[in-house]
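Heads up: numbering here begins at 1 and tracks the sequence. The figures here come from the full heavy-atom set of this structure, side chains too, leaving out hydrogens, waters and symmetry mates. No experiment lies behind these values; they were computed from the predicted model shown.
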Amino acid sequence: MRILALLILLFEVTVGQSKTYEIPFASTGNAIELTVANSSNIPTSNILITAVDLPAWLRFSQTEQRFDQLGGGEEVQASFLFSVDKSAPVNSPHAIRFLTSNSNGESWTKKIEISIAAPEKFELFQNYPNPFNPSTTISYQLSADSKVSVRIYDLLGREVATLVEAEQSAGFYEAKLDGR
């Protein structure tokens, strides 16, 4: 599990350098923890934190958290749990935004940059469905940019099809075989 700790200040704007957080490929149990701090002496109410701009390959268990009251000088923690689908693009940054608003109509945005790490190993998965009639899907993952060749042979060792013959970047892939 990886936890990203971030800070949102409600009444104070802080400018800093952007950092890209690396998330493991096809991982579950990841968390982004946000600290919401009221740096003024005036209490605020109905604080809503919403995760937006989420790609389809990032699956958040919840995208909103609400806090009824936040007193002056107080802090609250918001935790967002998520998993990364195997279809996620690897080694390319993606921005996720968290919108924070209160009952006074004030709002703030926190943007974080994430990047999905390449798979740890090369792997060829079992085709599915198996047995198949008339088609099947062959899945594989690459831990680095590679020249890929996916060929199908009959029981006598004769090549009957070439499904993939290409340079591919690290990540997850599927090739379909039509047995007709």
Side-chain angles (χ1 to χ4, degrees), residues 1-125 139-146 168-174:
M1 177 200 290
R2 299 254 169 119
I3 297 177
L4 308 178
L6 305 170
L7 179 64
I8 298 177
L9 298 176
L10 281 180
F11 295 99
E12 194 175 296
V13 177
T14 307
V15 178
Q17 292 183 345
S18 178
K19 176 182 177 179
T20 301
Y21 296 91
E22 191 170 79
I23 310 296
F25 179 79
S27 58
T28 60
N30 301 297
I32 295 176
E33 292 183 348
L34 302 172
T35 299
V36 180
N38 182 349
S39 61
S40 80
N41 294 328
I42 303 167
T44 188
S45 59
N46 296 322
I47 297 103
L48 176 65
I49 304 168
T50 308
V52 296
D53 296 337
L54 300 176
W57 43 263
L58 257 173
R59 308 231 194 284
F60 274 68
S61 60
Q62 64 180 23
T63 57
E64 290 186 352
Q65 286 199 19
R66 183 178 304 274
F67 299 96
D68 294 331
Q69 187 75 21
L70 184 59
E74 290 183 348
E75 294 181 354
V76 292
Q77 298 278 55
S79 184
F80 293 88
L81 300 175
F82 67 98
S83 61
V84 179
D85 188 81
K86 61 187 173 189
S87 66
V90 300
N91 300 327
S92 61
H94 183 82
I96 299 174
R97 290 186 313 129
F98 291 90
L99 302 178
T100 303
S101 60
N102 66 11
S103 60
N104 296 336
E106 299 169 309
S107 63
W108 302 265
T109 301
K110 176 66 179 178
K111 181 177 88 169
I112 63 165
E113 295 278 334
I114 63 166
S115 178
I116 306 304
E120 292 181 0
K121 62 183 177 180
F122 289 93
E123 192 166 355
L124 177 64
F125 300 103
S139 305
Y140 57 97
Q141 69 185 27
L142 307 173
S143 61
D145 296 355
S146 306
Q168 293 181 322
S169 54
F172 178 82
Y173 294 91
E174 292 181 330

Heavy-atom check, side chain of Arg59 versus side chain of Asp85, under 4.5 Å: yes
For Asp145, salt bridge (Lys or Arg N to Asp or Glu O under 4.0 Å) partners two or more places apart: none
Any Ile49 side-chain heavy atom under 4.5 Å of Phe67 side chain: yes
Pairwise distance OG(Ser83) to CD1(Ile23) - rounded to 0.5 angstrom: 11.5 Å
Non-hydrogen atoms of Lys121 and Gln141 that approach each other most closely: O-NE2, 3.3 Å
Distance, nearest 0.5 Å, that separates NZ of Lys110 from CZ of Arg97: 13.5 Å
Minimum heavy-atom distance between Leu81 and Ala31, given as atom pair plus value: CD2-CB, 3.6 Å
Inter- and intrachain pairs under salt bridge (charged side-chain N to carboxylate O under 4.0 Å, His left out), touching residues 62-71, at least two apart: none
Pair Trp57-Ile116, side-chain contact (heavy atoms from CB on, under 4.5 Å): steps then yes or no: CA-CA 11 Å; Trp57 43 263; Ile116 306 304; 3.7 Å; yes
Rounded distance [0.5 Å steps], NE2 in His94 versus OG1 in Thr20: 12.0 Å
Heavy-atom check, side chain of Ile32 versus side chain of Tyr21, under 4.5 Å: no
Any side-chain donor near an acceptor of the partner, Thr44 and Asn38, under 3.5 Å: no
Least distance between heavy atoms, Phe172 atom then Ser139 atom: CZ-CB, 3.6 Å
Heavy-atom neighbours of Glu120 CD exceed 12 at 6.0 Å: no
Side chains of Asn102 and Asn46 in contact at under 4.5 Å (non-hydrogen atoms): no
Inter-residue atom distance Glu22.CD - Asn91.CG, 0.5 Å rounding: 7.0 Å
Side-chain heavy-atom pair Leu58, Ile96 within 4.5 angstrom cut-off: yes
Heavy-atom closest contact (Val90 atom, Ala170 atom, distance): CG2-O, 2.8 Å
Side chain proximity check, Thr50 to Ser101, heavy atoms < 4.5 angstrom: no
Closest non-hydrogen atom pair, Ser92 against Pro89: OG-CB, 3.8 Å
Geometric class of the Phe80/Phe98 ring pair [parallel <30°, tilted 30-60°, perpendicular >60°]: tilted
Working for side-chain contact (heavy atoms from CB on, under 4.5 Å), residues Ile47 and Val76: CA-CA 10 Å; Ile47 297 103; Val76 292; 5.9 Å; no
Side-chain heavy atoms of Ser143 within contact of Phe25, under 4.5 Å: no
pair Lys86-Phe125: side-chain heavy atoms closer than 4.5 Å: no
Residue pair Pro24 / Ala117: nearest heavy atoms and the distance that separates them: CA-CB, 4.4 Å
